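Computed from a predicted structure; not experimentally measured.
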Amino acid sequence: MGNTYTASTTAAEAPNVEAGLYDARFDGTETKRVKGGMYTKDTENGDLKLEWSFTLLDDDGAVLYDDGDPITLTKLTGVGFNIASKTIPHEVKVLKALCTPVEFAAFEAGEGTDEDALLGRKVQVEVFVKDNGWPGIGNVIAARKARKAAPVE
């Protein structure tokens, strides 16, 4: 016996997230074909994009949840990684945020960067909320440095 398919009339609900700067864990990328948009070059098949996935964390590094599910957001970028571009592509900015300075220097020198080595790394993400209520990621920046107050004498 085969599968039975039932129509649905409800859409998924947007995670309850406020706009702001969050710590996040990098969970990997997925390639996608995206059609439409102002800068689409391949209108028939859609442009190839990278979807970067991040799980939001609280101030102590624990995963943030909404209705029992981890809050995972994505950022869509190009796939060019052109370090000679006049403006730095978003994919290069995200990679720089994920890499150590030594790793990023090696990347700029032409060495490849293995995604598996970056999985689980922490960064900061700038979350915005679209008019339709869905959160998205604007900027991705390097993880914040641990700070401690100076001892009071």
Side-chain angles (χ1 to χ4, degrees), residues 3 5-40 46-83 85 87-108 111-152:
N3 293 326
Y5 301 103
T6 307
S8 172
T9 58
T10 59
E13 289 189 29
N16 185 19
V17 179
E18 292 182 18
L21 198 59
Y22 289 82
D23 290 333
R25 179 189 69 216
F26 175 59
D27 296 328
T29 60
E30 184 179 323
T31 54
K32 292 191 162 208
R33 288 246 173 229
V34 177
K35 292 184 181 183
M38 189 169 16
Y39 302 107
T40 301
D47 286 347
L48 190 60
K49 300 285 184 184
L50 270 180
E51 184 176 59
W52 303 76
S53 181
F54 297 91
T55 298
L56 299 186
L57 307 173
D58 69 12
D59 290 338
D60 296 322
V63 172
L64 287 173
Y65 290 88
D66 180 46
D67 288 335
D69 295 320
I71 301 173
T72 301
L73 303 179
T74 59
K75 177 171 181 63
L76 205 60
T77 69
V79 295
F81 293 97
N82 182 356
I83 59 171
S85 176
T87 58
I88 301 171
H90 286 278
E91 55 271 25
V92 173
K93 291 178 182 179
V94 173
L95 189 62
K96 185 174 185 177
L98 287 165
C99 289
T100 66
V102 170
E103 290 169 335
F104 191 72
F107 163 76
E108 288 183 307
E111 294 180 28
T113 300
D114 183 20
E115 178 184 74
D116 289 342
L118 304 175
L119 292 174
R121 294 213 181 156
K122 292 181 182 166
V123 292
Q124 293 181 86
V125 295
E126 182 182 29
V127 174
F128 63 91
V129 179
K130 301 173 193 172
D131 290 339
N132 65 6
W134 281 92
I137 294 177
N139 292 315
V140 177
I141 56 178
R144 59 188 166 115
K145 305 281 188 240
R147 296 177 289 244
K148 295 187 182 197
V152 178

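Here T31 contributes atom OG1 and K49 contributes atom NZ; the two are 13.0 Å apart, rounded to the nearest 0.5 Å. Taking CD from Q124 and CG from N139, the interatomic distance works out to 11.0 Å, rounded to the nearest 0.5 Å. The distance from atom OG1 of T77 to atom CD of E91, rounded to the nearest 0.5 Å, is 4.5 Å. Going from atom CG of D69 over to atom OG1 of T55 covers 11.0 Å, rounded to the nearest 0.5 Å. The line from NZ of K122 to CG of L57 is 6.0 Å long, rounded to the nearest 0.5 Å. Here the CD1-CG distance, from I71 to N16, works out to 7.5 Å after rounding to the nearest 0.5 Å.
Nearest heavy-atom pair across P135 and A14 is CD-CB, 4.2 Å. Closest heavy-atom contact between V129 and A19: CG2-N, 4.0 Å. A pairwise comparison of heavy atoms in W134 and N132 identifies N-OD1, 3.0 Å as the closest pair.
In this structure, F107 and F81 have perpendicular ring planes: the angle between them is above 60°, well past the 30° mark.
Side-chain contact between L73 and F54: absent, with no pair of heavy atoms (C-beta onward) separated by less than 4.5 Å. A heavy-atom distance below 4.5 Å is found between the side chains of F26 and L119.
For residues 18-28, every residue pair satisfying the salt bridge (Lys or Arg N to Asp or Glu O under 4.0 Å) rule, not counting sequence neighbours, is listed here: D23-R144, R25-D27.
A side chain to side chain contact (heavy atoms under 4.5 Å, CB included) with L56 is found for exactly one of D66, V125, T72, I137, namely V125.
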Candidate pair L48 and R33, rule side-chain contact (heavy atoms from CB on, under 4.5 Å), full reasoning = CA-CA 5 Å; L48 190 60; R33 288 246 173 229; 4.1 Å; yes
ask   = Going through the checks in order, is the side-chain contact (heavy atoms from CB on, under 4.5 Å) test met by L118 and L95?
value = CA-CA 9 Å; L118 304 175; L95 189 62; 3.6 Å; yes
request  = Dump the intermediate steps for side-chain contact (heavy atoms from CB on, under 4.5 Å) on V123 and L98, then the final yes or no.
outcome  = CA-CA 7 Å; V123 292; L98 287 165; 3.5 Å; yes
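Residues forming a side-chain hydrogen bond (donor to acceptor under 3.5 Å, both in side chains) with T100 (at least two apart in sequence, or on another chain): E103. For the side-chain hydrogen bond (donor to acceptor under 3.5 Å, both in side chains) test, no residue two or more places apart in sequence or in another chain qualifies with E30.
Within 6.0 Å of atom CG in D114, more than 12 heavy atoms from other residues, nucleotides or ligands are found, so the atom counts as buried in its surroundings. No more than 12 heavy atoms of other residues, nucleotides or ligands shown are found within 6.0 angstrom of CD1 on I88.
Judged by distance alone, with hydrogens and angles left aside, the side-chain atoms of D58 form a donor-acceptor pair with the main-chain N or O of D60 at under 3.5 Å.
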